[in-house]
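Working notes for the structure below.
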Amino acid sequence: MRYSALSLLGNAFSKNKNWKPAWRNPDPKPRYDVIIIGGGGHGLATAYYLSKVFGVRNVAVLEKGYLGSGNIGRNTTIIRSNYLLEGNNPFYEFSMKLWEGLEQDFNFNAMVSQRGVINLFHSDAQRDAYTRRGNAMRLHGVDADLLNRDQLREKLPFLDYENARFPIMGGLMQARGGTVRHDAVAWGFARGADQNGVDIIQNCEVTGIDRDGDQITGVQTTRGAITCNKLAMAVAGSSSHVAKMVDMRLPIESHALQAFVSEGLKPFIDTVVTFGAGHFYVSQSDKGGLVFGGDIEGYNSYAQRGNLACVEHVAEAGMAMIPALSRVRILRSWGGIMDMSMDGSPIMDRTHLSNLYFNGGWCYGGFKATPASGYCFAHLLATDTPHETATAFRMDRFARGYLLDEKGVGAQANLH
Amino acid sequence: MSSLVKCPHCGLRPREEFTIRGEVATPRPAAGADEAAWFDHVYLRDNPRGEHREYWHHSGGCRRWLVLSRNTLTHETSEVVDASTLKSEGGA
């Protein structure tokens, strides 16, 4: 059923008793053309675009937990395309364009809110770096505006402009950036894919991958064996764990990242702001809670929780930027596992096995990429060639020396 | 992760005293080793879900490099030794 004003009205008259589940809950079939491991945002988006744009409909998405239980429901919901590098920017801008039309496309309210993203700068050198990034964005047709201190004061009067160590000199703004309701993204893609015939199979963990030479023949799961023509991995966070089933070692470490939400406040921050002298990003949800996060924990972890040391670190960075946060109480915090790649950029490519495809290494930038990641991965799966915006995310770029190091810190996963 | 780490030299110390370097990867190749060996050493990781050996530096204490055996799922630390003991295994 399509959601519309009419369907709302009709269901209101029948006292909302006739709403149907948004997607089926099927048992796995014995065989699929494509199996996607991982029912997170990227896996569901891949299934959606595969079935909608590329006409591949005999598809299963295998999710080890329940839908939305992984990183798609654990992020800080920020979308932006303010990237510097040639290999990154067109991809993230493609994603931004998909976000802009997403709700009409999959007929689901994902609360896409282009409220703007502002990166603060605190020194002359940092202003120059941001100016360069802004210019690179504009050359790619992406909106970017450099705000001076006075312009910034009008928008964000509560920042600590006179901070002794890190005075705020201005900010780089992408007005088209913003936030999206993350759960609704998972639900919208799931519903859209399901309507196109994709089987979304929850509570189905892949425990082994069957091979015949360099061909994948199928997977072993907690709900039985399933065979397939093509196998796609979209399990960022657990990529190394799943890749080990086919003896792959990856240029990836898994790290925990925490996010936080405060008690509900009156309207306070109407944009996304990021601190330039540390790692801190904050926005305010429609319910009023401040949603914020900071650095990863810095040690390998598969536990979906963080440590107090990092909570303190994030709180300090937040306080240095917005002193008023000292009175705000934190309501909840949670952790997710990030695929931290060795250059801070994702990997989306074929593998050494002829019908195994890999999508991972999203570090902590995966959410904003969700639609483009799905579209480009579907393109790769359907045509065996990368989408034109995703040609730099090659698996072999590390061995060949073509790193995509947006931050410029080298092969140190926990610094990206 | 536990807030206290048992340094073999200093005893139980708060975790904030330590700097974490990461996985004890393949041994550093010889300077003239081929590119494949260097690629393996610099970029590839086992990144296991479970038992994991990693370098920690007691930067706020004795300043020795240590090797922790830690479970990445439960954060339990089973063993901490001085990194020099790895030399006998051909590591580091």
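Within every chain, numbering begins at 1; the chains are lettered A, B, ... in the order of the sequence lines, protein sequences first and strands thereafter. These numbers were taken from a predicted model, which means no experiment stands behind them.
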- Task: Below 4.5 Å from any heavy atom of chain B, which atoms of A:L415 appear? Answer side chain, backbone, both or neither.
- Result: neither
- Message: Does A:R400, at its CZ atom, have more than 12 non-hydrogen atoms belonging to other residues, nucleotides or ligands within less than 6.0 Å?
- Response: yes
- Give the C-alpha distance, both sets of side-chain angles, the deciding distance and a yes or no for side chain to side chain contact (heavy atoms under 4.5 Å, CB included) between B:H75 and A:R305. CA-CA 10 Å; B:H75 290 169; A:R305 62 179 185 273; 4.2 Å; yes
- Message: Please identify, among B:G22, B:A36, B:G50, B:P48, the residue contributing the most non-hydrogen atom pairs under 4.5 Å to chain A.
- Response: B:P48
- Task: Check each atom of B:T19 against the heavy atoms of chain A and say whether the ones under 4.5 Å are side chain, backbone, both or neither.
- Result: neither
- Message: Which one wins on heavy-atom pair count under 4.5 Å against chain B: A:A399, A:G410, A:G306, A:A411?
- Response: A:A399
- Item | Contacting region of B:F39 [heavy-atom separation from chain A under 4.5 Å] | side chain
- B:N47 side chain to A:S240 backbone, donor-acceptor under 3.5 Å: no
- Item | Value rounded to 0.5 Å, distance of OH in A:Y299 from CD1 in B:I20 | 7.0 Å
- For side chain to side chain contact (heavy atoms under 4.5 Å, CB included), just list the numbers for A:N307 and B:R15, CA-CA rounded to whole Å, side-chain angles, deciding distance to a tenth of an Å, and then say yes or no. CA-CA 10 Å; A:N307 235 319; B:R15 179 223 165 296; 3.9 Å; yes
- Item | Side-chain donor or acceptor of B:R70 paired with backbone N/O of A:S301 under 3.5 Å | no
- Segment of A:I252 engaging chain B (4.5 angstrom heavy-atom cut-off): both
- Query: Does atom NZ of B:K6 have more than 12 heavy-atom neighbours from other groups under 6.0 Å away?
  - Reply: no
- Task: May I have the step-by-step check of side chain to side chain contact (heavy atoms under 4.5 Å, CB included) for B:E16 and A:H313, ending in yes or no?
- Result: CA-CA 11 Å; B:E16 287 74 23; A:H313 180 69; over 6 Å; no
- Item | Under 4.5 Å from a heavy atom of chain B, the part of A:E297 involved | backbone
- Can you check whether A:Y302 reaches B:N71 side chain to side chain, under 4.5 Å on heavy atoms? no
- Note on the structure: Honestly, the part of A:S341 sitting under 4.5 Å from a heavy atom of chain B is neither
- Message: Out of A:L308, A:I337, A:D343, A:N300, return the one with the most heavy atom pairs under 4.5 angstrom to chain B.
- Response: A:N300
- Can you check side chain to side chain contact (heavy atoms under 4.5 Å, CB included) on B:D46 and A:R249, steps first, answer last? CA-CA 6 Å; B:D46 285 331; A:R249 286 176 82 219; 2.8 Å; yes
- Would you find more than 12 non-hydrogen atoms of other residues, nucleotides or ligands less than 6.0 Å from A:Q412 atom CD? yes
- Pairwise distance CD(A:E253) to CD(B:E54) - rounded to 0.5 angstrom: 9.0 Å
